Protein chains: 2
Amino acid sequence: MPATAAMAEREDGEIIEHHVDEEMEKKLPRRLLEGLAPSDREGPGSTQSSHRLLAYSDALLSIIATVMILPVAHTKFHDDEELKESIQLLLTTKVGVYLMTFLIVTVAWAAHIRLFQVIERIDDCLALLNLACMMIITFLPYTFSLMATFPDHIMGLLLFCGCVMVIGLIQSIIVVYGFSRPFLLNSQIQISENQAFYKRHILKVIMRVPVVCLFASIFSFVFFQLSYVILAVVVFLPYISQCLSWCRTKLFGRPAEEAPDSLLFYTYHPNEPLSKERVEAFSDGVYAIVATLLILDICEDNVPDPGTVQRQFNGSLTAALQVYGPEFLAYFGSFATVGLLWFVHHSLFLHVTKATRSMGLLNTFSLAFVGGLPLAYELTHEFPRNSHNELEAVQTSCVIIFFAGIFQLAIWVVALFSERETLHPYVRYGGPDHTFMLAKLSLYPCVALATFFLTCILSQFSAPIFHLMEITVPFAFLLLRLLVRVAMAVLRALFRPATAIEDDEDSRLPFNDLVT
Amino acid sequence: MPATAAMAEREDGEIIEHHVDEEMEKKLPRRLLEGLAPSDREGPGSTQSSHRLLAYSDALLSIIATVMILPVAHTKFHDDEELKESIQLLLTTKVGVYLMTFLIVTVAWAAHIRLFQVIERIDDCLALLNLACMMIITFLPYTFSLMATFPDHIMGLLLFCGCVMVIGLIQSIIVVYGFSRPFLLNSQIQISENQAFYKRHILKVIMRVPVVCLFASIFSFVFFQLSYVILAVVVFLPYISQCLSWCRTKLFGRPAEEAPDSLLFYTYHPNEPLSKERVEAFSDGVYAIVATLLILDICEDNVPDPGTVQRQFNGSLTAALQVYGPEFLAYFGSFATVGLLWFVHHSLFLHVTKATRSMGLLNTFSLAFVGGLPLAYELTHEFPRNSHNELEAVQTSCVIIFFAGIFQLAIWVVALFSERETLHPYVRYGGPDHTFMLAKLSLYPCVALATFFLTCILSQFSAPIFHLMEITVPFAFLLLRLLVRVAMAVLRALFRPATAIEDDEDSRLPFNDLVT
């Protein structure tokens, strides 16, 4: 049953041929079509599925989300200074800007998903409006750089607010345009009696942010510190209102439903559906950019100068390239780690049938850590052997890998809480692939944790331990199915004689029994 | 009919749920399953659709294909030197490296498409092998940089040959692995009697390249100039052999078929199918990277230093940012142009039902020019007004836009030659959207050509003309449907009284009538 539903959803997301939407137009209530002038229903060639437009938007947004890691990565360290000071300097500005950009872009991305879950089909006009919207969004990282460099100047703040207001305006135009041509809308809304209510509700949600930004930009002339607070509130507004309404429900019982029929989108519930296809596309983009970040630098900076080779290395190119050895190692190491984290993500989402808002949020956290990986890897190979800096760099890498992995695991745990809706039967609690999936997801966090503590104890061997980890993990993934089987067999052999198998199963109650 | 066929193909490309592949396994000839030990058929959870793996690979490959434009873009021009000299310097090395990388990566990408058109389902092992393959491919641009910087040194050549040999080896392992588990294969091959023949043929095609590279690397120790020639031959080998076989067919008539039943893949025919989904994904990746290339630089380089602002601009951030004005203009200009070229590409492929190899090739040429756009745009805003350099930069931009657009138009023309197979009825010759599509595709080439000649005549107004072009083109796209209708009405009004409409239709015979 869920499989067929998922299939239908997927077909929906695909490009539907023109004769299909002619059929759709026929199926529409007559009242809708009567409201349109003949010139508005422009023949069969004018509307298209939004599939590829969304894929392109996801690609753009994932690049923009990760772009601010570049200034962090390009900060040069000197061997003589302690890593600690450099890291503190980094943490205060550049890493902050990176995380802020990542957060804001993912918020914009989530808003974009919501918008195009309501408007399912596009025409040329909507495609061009969307491109204009993307152009403004891609400019946001720069406004953050300005804010971070000139925190006392209102220029960055004003630019940011201006961009957000323009984005809100374009999104409102898209909504108004979409509702004026109902055949572009989600089929659920298309057949609904409450289109006007939906339109008002969605416009209200969309316009909330630009209006607050307008206030923030006006306030910035008076007392600009307050503007930063207002902007922070905007970002976390859905969470705050969600939290408040949850408290209210707990205190005063369930409130009366405002909507005549429940609206599926723009609810900001943790279980609000988030297009699984788009979560995958965005994640793929981030993983791909991050995996190749280092080669971008290597291609540009690590080609030795012919003159230098002649003078310093007596014309021996091999000797000159050996200087760059650590950079190449860092590249292959980070590519492999990012690739394997993608592999785990891919395995996880293969078993997910529906993505929810909370899963999307955890995914964002995981991706934010993934973005820092190349930087950490570059650092691990940059310092002299057995220095204090090297140890810290190795440990930072472990911490980043750990968090990237643990948030992936958290996605799965959240999915298990409503496994009937979100997971494929094979990986649900008790399913045949449950243990294997758990092993896949916990491999990186476990290994990272183990490496971290090993390097704490054997600090003079930190680099060899780290390299060993890099080399063994891919093979562990290759042999994981075998390893899990062996481990399960051993566990079974250990517990069966003591007849402890019932206790074991009791202590690991299925999550859904606890919740539902 | 073609619509339903296309639908079926698309569903095929999607993630198929596990119970579906259980069914597939049941459908397989018994003989295949008997050949496998029980341990080889590892339960239902072990195979997956390759959809997302391919999307991720496309993202990686599109980044790598365009990455070598960065060294070109980062070449600093000085106002005092003539652009001509700088461009000549660029053309000889960096642009050459960029185009070579683009060519090689797209060749590797086409090989990757072929491979995964044969192997349609994957398991964890194949996913990991593919990631290893990607890691080596992403290293190729660096070997080109080395070759370009040290043309007399065999180091770059050896590294390149080494990478290609490893890639060939991994691809062969993937093929052998795929054929050992036939349920991973394309259904056409799966039910075929000639699996052994297919396997041999595909392995022969794949191994041809690494073997030639092995020879090239051995030759490089003796006479390295020859190695470059050998490598060039490798890249163009399919075209050469295609050309030779075409000549042979023309001279001696059709040769006897070697294969018992015709093989659909690995034929290197111009009509060989190329997964449309992957052509779109790769193009989306390239357009997205190229659109955001300038913002990467802007975020890193164009944030003024607080000290400089204090000293040079008396603390006025606005004045300091005005210095960077041209860079922002260049960013928005190039984003809009790349976005609109994407929009045209998107419109075109919406009407394409099947992509062929020749269309893929033309698409690659178009993308290679698109990659140069941000650089050209940056140049147009970098030089002082009315200088000779500015004129040349504007004209270079026009030439690049022209070629990017004309190759998109060429894709459509090639598609029209076999329109029954490749195009949707609505845009075929005589279809209602034919003229509109033609107008969309020819807008950019026409505008670029017009701007080029206008700047030749009115050379002192080159920048204003270019800016006017940038601003009007998006509106032209918005109003295109209207403009085309007006133009058609005018044409009809002009020709109808003279009863020249029959002549007009006669002179524009449908392509398919000419060909078939």
Side-chain angles (χ1 to χ4, degrees), chain A residues 3 10 14-15 17-19 43-45 48 52-53 55-56 59-60 63-64 67-68 70-71 74 125 127-128 131 135 138-139 141-142 145-146 149-150 153 155 280 284-285 287-289 291-292 295-296 298-300 303 306 317-318 332 335-336 339 342-343 346 350 426 432-433 474 477-478, chain B residues 3 10 14-15 17-19 43-45 48 52-53 55-56 59-60 63-64 67-68 70-71 74 125 127-128 131 135 138-139 141-142 145-146 149-150 153 155 280 284-285 287-289 291-292 295-296 298-300 303 306 317-318 332 335-336 339 342-343 346 350 426 432-433 474 477-478:
Chain A
R10 230 168 270 137
E14 292 293 11
I15 299 164
E17 301 299 319
H18 298 298
H19 66 270
Q48 312 130 18
R52 203 180 150 197
L53 180 81
Y56 183 62
L60 284 176
I63 295 172
I64 291 308
V67 70
M68 292 312 293
L70 278 180
H74 287 174
C125 190
L128 292 172
L131 283 180
M135 185 158 85
T138 53
F139 195 65
Y142 182 72
S145 299
L146 271 189
T149 322
F150 300 93
H153 207 288
M155 189 71 184
E280 289 182 351
D284 282 350
Y287 280 111
I289 290 284
T292 46
I295 202 76
L296 305 191
I298 285 178
C299 282
E300 215 175 329
V303 179
L317 186 57
T318 326
F332 287 115
F335 190 98
W342 174 84
F343 173 70
H346 164 252
L350 210 62
Y426 281 98
D433 274 3
F477 271 107
L478 263 178
Chain B
R10 231 169 269 139
E14 292 291 13
I15 299 164
E17 300 300 319
H18 297 301
H19 67 270
Q48 314 129 16
R52 204 181 150 197
L53 180 80
Y56 183 63
L60 284 175
I63 296 171
I64 290 308
V67 70
M68 292 312 293
L70 277 181
H74 288 173
C125 190
L128 292 171
L131 283 179
M135 185 157 84
T138 53
F139 195 66
Y142 182 72
S145 298
L146 272 189
T149 322
F150 300 93
H153 207 289
M155 190 71 185
E280 289 181 352
D284 281 351
Y287 281 111
I289 290 285
T292 46
I295 202 75
L296 304 191
I298 285 178
C299 282
E300 214 174 331
V303 178
L317 185 58
T318 326
F332 287 116
F335 190 99
W342 174 84
F343 172 71
H346 163 252
L350 209 63
Y426 280 96
D433 274 2
F477 271 108
L478 264 177

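A quick note: this is a predicted structure, and the numbers were derived from the prediction, not measured. In what follows, every heavy atom counts, from backbone to side chain, and hydrogens, waters and symmetry copies are set aside. In what follows, chains are A, B, ... by sequence order, proteins preceding strands, each numbered from 1.
Using a 4.5 Å cut-off between heavy atoms, A:Ile64 touches chain B through its side chain atoms alone. In this structure, the portions of A:Ile298 lying under 4.5 Å from any heavy atom of chain B include both its backbone and its side chain. When heavy atoms are compared at a cutoff of 4.5 Å, A:Ala59 approaches chain B by way of both its backbone and its side chain. Of the atoms belonging to A:Tyr142, heavy atoms from both backbone and side chain fall under 4.5 Å from chain B. A:His153 touches chain B through its side chain: at least one heavy atom from C-beta onward sits under 4.5 Å away, while N, CA, C and O do not. For B:Phe150, the part lying near chain A is the side chain, with the backbone staying farther off; criterion is any non-hydrogen pair under 4.5 Å.
Options B:Thr149, B:Ile289, B:Asp284 differ in how many heavy-atom pairs under 4.5 Å they form with chain A, and the most are formed by B:Asp284. Across A:Phe332, A:Tyr287, A:Phe335, A:Phe139, the residue that shares the most heavy-atom pairs under 4.5 angstrom with chain B is A:Phe335. Annotation: maximal heavy-atom pairing with chain A below 4.5 Å, among B:Ile295, B:Leu317, B:Val67, B:Leu60, occurs at B:Leu317. Most heavy-atom pairs under 4.5 Å with chain A, from the set B:Ile63, B:Thr318, B:Leu478: that is B:Ile63.
Expressed to the nearest 0.5 Å, how far NE2 of A:His346 lies from CZ of B:Arg52 amounts to 6.5 Å. Distance check, rounded to the nearest 0.5 Å: CZ of B:Phe343 to CG of A:Leu131 gives 8.0 Å.
When every heavy atom of B:Ala336 is checked against every heavy atom of A:Met135, the shortest pair comes out as N-SD, 4.3 Å.
With sequence neighbours left out, the side-chain hydrogen bond (donor to acceptor under 3.5 Å, both in side chains) criterion links A:Tyr56 to no other residue.
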